[in-house]
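Heads up: the structure comes next, in C-alpha cells.
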Amino acid sequence: MSYWQSVRLITGWEFRRFLRVGELVMTVLITAGFGILVPLAMDYFASRGEASTVTIAVTGTEALPAFDGFELLYMDPSSAEAALDAGEVEAVLDASDPEAPVITLESEEAWIPTLSEQLVQATLDDRLAASGIDPVAFGQVLQPVYLQVELREAEDGIPGTLVISLVAGAMLFAIFLGTGLLFAAITGEKTQRITEQIVSAIPPQAWIDGKVLGTGLYVLLNMSLFAFGIAIAVVVNMLRTEGGLPPLPDMGISPSVLIPALLFAVLGGALYFMFFAAIAATIDDPAASQRGGIIMIPPLFIGLSLLGLLGSVDNALFRFMSHFPLTSPSAMPIRLLLGDAGWGEALVSLAILAVSVALMRRLAGKIFAVGILMTGKEPSLREMLHWLRRA
Amino acid sequence: MNDGPILTVDSVTKRFSTVLAVDQLSFEVRRGEIFALLGPNGAGKSTTVRMLAGITQPDSGQLGFRLEGNSSVTPKAHPARLGYLPEERGLYPDKPILTSLVYLAALRGIDRQKAEQQAMHWLERFSLADRAKDKVNTLSKGNQQKVQLIAGVLHEPSLAVLDEPFSGFDPVNQDLVLGIIRELRDAGMTIVLSAHHMDLVETLADYILLMHQGRSVLEGTMAGIRAGAGMGQRLNLTFGGDAPAEASLAGVPGIEAVLSRTGTSARVALSPEARVGPVLHGLTRDMDIVDVDTDTPTLREIYLSTVSGGAA
C-alpha cells in the first residue's frame, strides 16, 4: 500500500469516526429552529408590548395631550394615591409643575422612557405655542445634517469588513472544533493503547496527515450544515416577514480579496491543526496535562490581527503580522481589503504560509512519531527539541 | 521455497536514556518456525519485539526481513507480510468489532472484502461471530484480547510478532491460543513470540532464545538447550513422613542441589554426571521414600541456573 493510500484510509476512518448522522441532522434542525423561533418570539413580545396600555393617574393638570400606549386618568392627589394603593393605576404622575413632572410608582418599569419622551414632546409643543414660533420652521432649523457614505464597490450590500470577519470567525470556529476533536482522538488513542498497532502498519507521518485531513473534512461538513441551518432560517424568516425572497445582496468584497481570504483560512487551519496534533501526541494524561491551555493560542493571534479592522493596517506592525504565519491567515485578507497590499505581497505571504504548513507538517510528524508511543510521562520542550534535532 | 532465515537480527543495540535495553543482540528466525524470546520483565524482550515490528529503530545493528527470493529489508517495509500483537492491547472501544478488524487489516493493505471474510472466520474460531457488530467495549477483557490476536494474524502475514500472547488469558483460553499458534505455524506462518510464561513456551516453541539484561544468554531447541545446559536430571521424592532436612538431602552423593522441600516432598537436582540408580540407593539407605519420579530440568530452572551462574 502506498503512502497516500494509507493517508486516504486514515482520512476516511477519522472522518467517519466522529460522524453521527443523527447529531448532524440535529445540528441543522437546532440552528434553523433557533434562527426561526428567536425572531418569532421577538415579534410576539413586541406585538404584546404594543397592545398593552399603561394606566396612569394624573394630578395637577387636565391639559396633557393623548399619549400612545398610555391611558391618563385625571384625579385629585388623594384619589390618585388611593387608586395606586388599590392597584387601579400603575403610577401617579404629578404634572402641577410642567417643567418638573414627578411620577410615583412601585418599581422601575420599562415604559418610563416612552412616557418621558412623550412628556418632553408635549412640553416642547407648549413652549413653542407660548413663544409664537412656527413649529415647522423651528423643526427645519434644528434638522441635523447627515454625511451620506457611498461605497463604489457595493451599494446596499454586505460590508467587506463583515465578510472578512466572518471568514476569520469561521476559521477560528473550525480551529476550535478541529483541534478539540484532534485532542480527544489522539489522547484517547494513547490512553487506549491503540498507537502501537497502527504505527506497526503505517508511517506516523501518514497517520498524522490522515488525521488532519479526516478531521478537517469533518469540520467542513459540520460548518456546511451549520451554514445550511442558518440559510433555512433566513429563507423562512424572509418568507414570513417579506412574503418572498429578495435578490441576494452584493458582498462588499471582490473575488480578488475573497478567494485569497479563503485560501489563507484553509492554510491557516491546516497550520494550527498540525501544531495541535503534535502537541496532543505529547500529552500523557489529558485530565492532568497543562498543555490543553495551548488551545488559546489561535484566538490570541487571530483576534490580534482582527484589531486591524478598527484602525490603520499599513503600519509596520500590521505589515509584519500579515506575513507572520500565525497571524497572516486573518491579517493579510484585512490588508487586501482595507490597506495598500497588492497581489505581490499577498502571494509572498501565501507562499510563506504554505511553506510554514509544509514545515509544520514535517516537525509535527517527528514529534508525533515519538510522542504517540511515549507513555508514563510527558516530554519536556527540551526533549522535543532533542527529537527534532535527531530527526 | 527459500529455506534461509526469514528474519536476521545482527548486533542490535537499543538504549533508552540511561538504560541499555538491548545489547548487541543477534539471532536468526527460520521460515515456518515458532521462535520464542524468553526472559523475565526487563530482559529486553518487548524492546526487541517492538524493533522487529518497526515501531522503534535500533540505535545500532541491522534487522533483515527476507521474503521469498527478495533481498533483505526492514520488516516494516512489508506491512502486509508482518503481523503484530502488542503487549499493551488497545482497540477503538466505541467501534464495532468487525469494523475495527477490517480497518486494521486494511491498514496493512488487505482488500476490505477479504479482510471481512477472514475476520468472520477468526471470530467464529473464537466463538465471537455473533458479537461481530457489537462495540469492542461490550466485550470482556479476555474476549478483547482474542480480537487483538485476530487483528495480528487475520491478514495472513509471513511473520507474526506476538508480544506476550498468553497474557491475561485463563488456562482454557491459553490452551486455545497455544493450539491456534501451532496451527498458524503448520500453515506456514513464522511466529516470533515473547513471553515470560516459560512453562507454556517450553511445549510450543521450535527455537528458544533466553534473554537477560538485554543480551542472549542461551538459545537453541528445547532439547539442545537441555543438552547444552549441563544440568542433570531431577528427582521428585515423596517421603513416608516429613521430608528430611535440606542438609541431609544435599549430603547424598550425586545430589547437586535441593530445589524445593515442602511437607513430605522434595525436588532435588542431580549433578550432570550422576546416575539415578546410585543416588536412589544412597537416599533409601537412611530415608523412607514412598514415591519417586524423574524428569528433566524445566526451562525456568535452566534459565535461573544460567543467569545466576550455578545450579538452579
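Values in this document were obtained by computation on a predicted structure and should not be read as measured data. Reminder, nothing fancy here: chain letters follow the sequence lines and each chain counts from 1.
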Handout entry: Within residues 101-115 of chain B, residues adjacent to chain A where the heavy-atom gap is under 4.5 Å
Key = Tyr103(B), Leu104(B), Ala106(B), Leu107(B), Arg108(B), Gly109(B), Arg112(B)
Problem - Interatomic spacing from CD1 in Ile55(B) to CD in Gln197(A) - rounded to 0.5 Å - result: 8.5 Å
Problem - Euclidean distance, Glu189(A) CD relative to Leu91(B) CG, rounded to 0.5 Å - result: 12.0 Å
Exercise for the section: Return yes when atom OH of Tyr3(A) has more than 12 non-hydrogen atoms of other residues, nucleotides or ligands closer than 6.0 Å, and no otherwise. Expected result: yes
Practice task
For chain B, find which of Ala201(A), Pro204(A), Pro203(A) contributes the most heavy-atom pairs closer than 4.5 angstrom.
Solution key: Ala201(A)
Exercise for the section: Check whether any side-chain heavy atom of Tyr84(B) sits under 4.5 Å from a side-chain heavy atom of Val199(A), and report yes or no. Expected result: no
Handout entry: Which atoms of Arg8(A) approach chain B - backbone, side chain, both or neither, heavy atom under 4.5 Å
Key = neither
Problem - Distance, nearest 0.5 Å, that separates NZ of Lys95(B) from CD1 of Ile194(A) - result: 10.5 Å
Handout entry: Phe34(A) atom CZ, neighbour heavy-atom count above 12 within 6.0 Å
Key = no
Practice task
Flag yes if more than 12 heavy atoms outside Gln62(B) fall under 6.0 Å of its CD atom; otherwise flag no.
Solution key: no
Practice task
For Phe226(A), look at atom CZ and say whether over 12 heavy atoms of other residues, nucleotides or ligands are found less than 6.0 Å away.
Solution key: no
Completion exercise
When rounded to the nearest 0.5 Å, the distance separating CG of Leu85(B) from OG of Ser200(A) is 10.0 Å
Exercise for the section: Determine, stepwise, if the pair Glu87(B) / Glu196(A) fulfils side chain to side chain contact (heavy atoms under 4.5 Å, CB included). Expected result: CA-CA 9 Å; Glu87(B) 181 184 15; Glu196(A) 282 199 2; 5.9 Å; no
